[in-house]
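Here's the structure, in structure tokens; my notes come after.
Every number for a ligand or one of its atoms is a count from 1 in the order of the listing.
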Amino acid sequence: MAIEKTLCILKPDAVKSGNMGNIIAHIQKEGFKILGLKMVRLSDRSAGKFYEVHKERPFYSGLVEFMSSGACVPIALEKENGIAEWRRVIGATDPAEAAPGTIRKLYATSKGENAVHGSDSVENGLREISFFFTEGELADLGL
Ligand code: UDP
Ligand code: MG
């Protein structure tokens, strides 16, 4: 299996509820390498652009409003089979359907306010990481 990069975002609900540290500890316990991490406040426009793929969906405007409602923490991650691994660790979109011990089961409050983002393919992972990080912001220390 290949080493893959994926984008995690700690969403505004997770930041507001004080779970940043818990989720970062969870990420490290699961063996992901953290390549980059920052705190940002998305504008409506940039949140809309990030989730553009969903623009025809009924939840799009609520999602954009939520993602721009407070600080977010995008984190670029890397691991063997990283895309599927991160999706396994975060659990189903709706916390009611997420497996026990997953980040969304532990920290999400609803299907919309679900604590974390995860990329859905290698290609989208790279595209989403470059949405938030320049090359110079991604430390690859080779450790
Ligand atoms: N979302 C929502 N209602 C839905 C489906 C999705 O509010 O019925 C939000 C939720 O925050 C989700 C995001 O839109 O994380 C992106 O949806 P997607 O289907 O890509 O879920 P994910 O990949 O995040 O599990
Ligand atoms: Mg998705």
Side-chain angles (χ1 to χ4, degrees), residues 1-140:
M1 265 180 288
I3 301 278
E4 295 170 354
K5 295 178 173 60
T6 187
L7 181 73
C8 160
I9 306 174
L10 308 184
K11 296 186 180 183
D13 60 319
V15 175
K16 281 182 189 145
S17 61
N19 284 312
M20 280 191 293
N22 291 330
I23 297 172
I24 292 168
H26 198 124
I27 288 168
Q28 294 189 302
K29 179 171 61 73
E30 289 284 355
F32 288 87
K33 181 173 174 182
I34 294 178
L35 301 176
L37 180 156
K38 62 171 73 167
M39 182 176 274
V40 299
R41 174 75 185 262
L42 294 173
S43 63
D44 271 17
R45 193 184 146 96
S46 54
K49 192 165 191 314
F50 182 78
Y51 280 112
E52 204 162 31
V53 62
H54 293 308
K55 70 170 178 293
E56 306 304 334
R57 309 286 287 278
F59 58 81
Y60 178 72
S61 62
L63 176 60
V64 168
E65 190 181 334
F66 164 59
M67 290 301 289
S68 58
S69 68
C72 284
V73 178
I75 308 176
L77 298 176
E78 186 175 82
K79 196 183 181 192
E80 184 150 308
N81 197 30
I83 294 289
E85 274 290 280
W86 181 239
R87 305 264 348 164
R88 174 186 65 75
V89 168
I90 68 180
T93 307
D94 185 343
E97 290 163 17
T102 59
I103 290 174
R104 282 169 167 168
K105 178 58 92 184
L106 289 167
Y107 304 114
T109 48
S110 66
K111 192 173 186 181
E113 304 202 0
N114 59 1
V116 284
H117 171 78
S119 306
D120 62 9
S121 67
V122 169
E123 185 189 11
N124 284 337
L126 296 175
R127 192 176 53 74
E128 291 175 357
I129 287 170
S130 65
F131 185 92
F132 287 104
F133 296 96
T134 65
E135 234 176 277
E137 289 171 331
L138 296 171
D140 189 351

| N/O to N/O below 3.5 Å, does that happen between Tyr51 and ligand 1? | no
| task | Verify the neighbour count for atom NZ of Lys16: are there more than 12 heavy atoms of other residues, nucleotides or ligands below 6.0 Å? | result | yes
| request: Could you pull out, from Arg87, Arg57, Glu113, the option with a heavy atom nearest to atom 22 (P) of ligand 1? | output: Arg87
| note | Closest to atom 9 (C) of ligand 1 among protein heavy atoms sits Leu63 CD1, 3.8 Å
| query | Can you list the atoms of ligand 1 that are under 4.0 Å from a heavy atom of Lys111? | reply | 4 (C), 5 (C), 8 (O), 10 (C), 11 (O)
| request: Pick whichever of Arg104, His54, Met67 has a heavy atom sitting closest to atom 16 (C) of ligand 1. | output: His54
| query | What's the shortest distance from atom 21 (O) of ligand 1 to any protein heavy atom, and which residue and atom give it? | reply | Thr93 OG1, 3.4 Å
| query | Can you tell me how far the CG atom of Leu37 sits from the CG atom of Leu10, to the nearest 0.5 Å? | reply | 7.5 Å
| query | Cys8 and Leu77: which non-hydrogen atoms are nearest, and at how many Å? | reply | CB-CD1, 3.8 Å
| Going by atom types alone, do Asn124 and Ser119 pair a side-chain donor with an acceptor below 3.5 Å? | no
| task | Starting from atom 7 (O) of ligand 1, find the nearest protein heavy-atom neighbour and note its residue, name and distance. | result | Gly112 CA, 3.3 Å
| query | What residues form a side-chain hydrogen bond (donor to acceptor under 3.5 Å, both in side chains) with Ser46, not counting sequence neighbours? | reply | Ser43
| task | Any atoms of ligand 1 less than 4.0 Å from a non-hydrogen atom of Asn114? List them with their elements. | result | 10 (C), 11 (O), 12 (C), 15 (O)
| message | side-chain contact (heavy atoms from CB on, under 4.5 Å), that's the test. Do Glu85 and Phe32 meet it? Break it down for me. | response | CA-CA 9 Å; Glu85 274 290 280; Phe32 288 87; 3.9 Å; yes
| said: Quick check: closest heavy atoms across Arg87 and Thr93, and the distance to 0.1 Å? | reply: NH2-OG1, 4.4 Å
| query | Does the ring-ring contact (aromatic ring centres under 6.0 Å, His included) test come out yes or no for His117 and Phe50, once each step is laid out? | reply | CA-CA 11 Å; His117 171 78; Phe50 182 78; 5.2 Å; yes
| remark: of all protein heavy atoms, closest to atom 4 (C) of ligand 1 is Phe59 CD2, 3.4 Å
| said: Any atom of ligand 1 sitting under 4.0 Å from a heavy atom of Lys11? | reply: yes
| field | Test of proximity, Val116 against ligand 1: N or O pairs below 3.5 Å | value | no
| field | Any N/O pair His117/ligand 1 closer than 3.5 Å | value | no
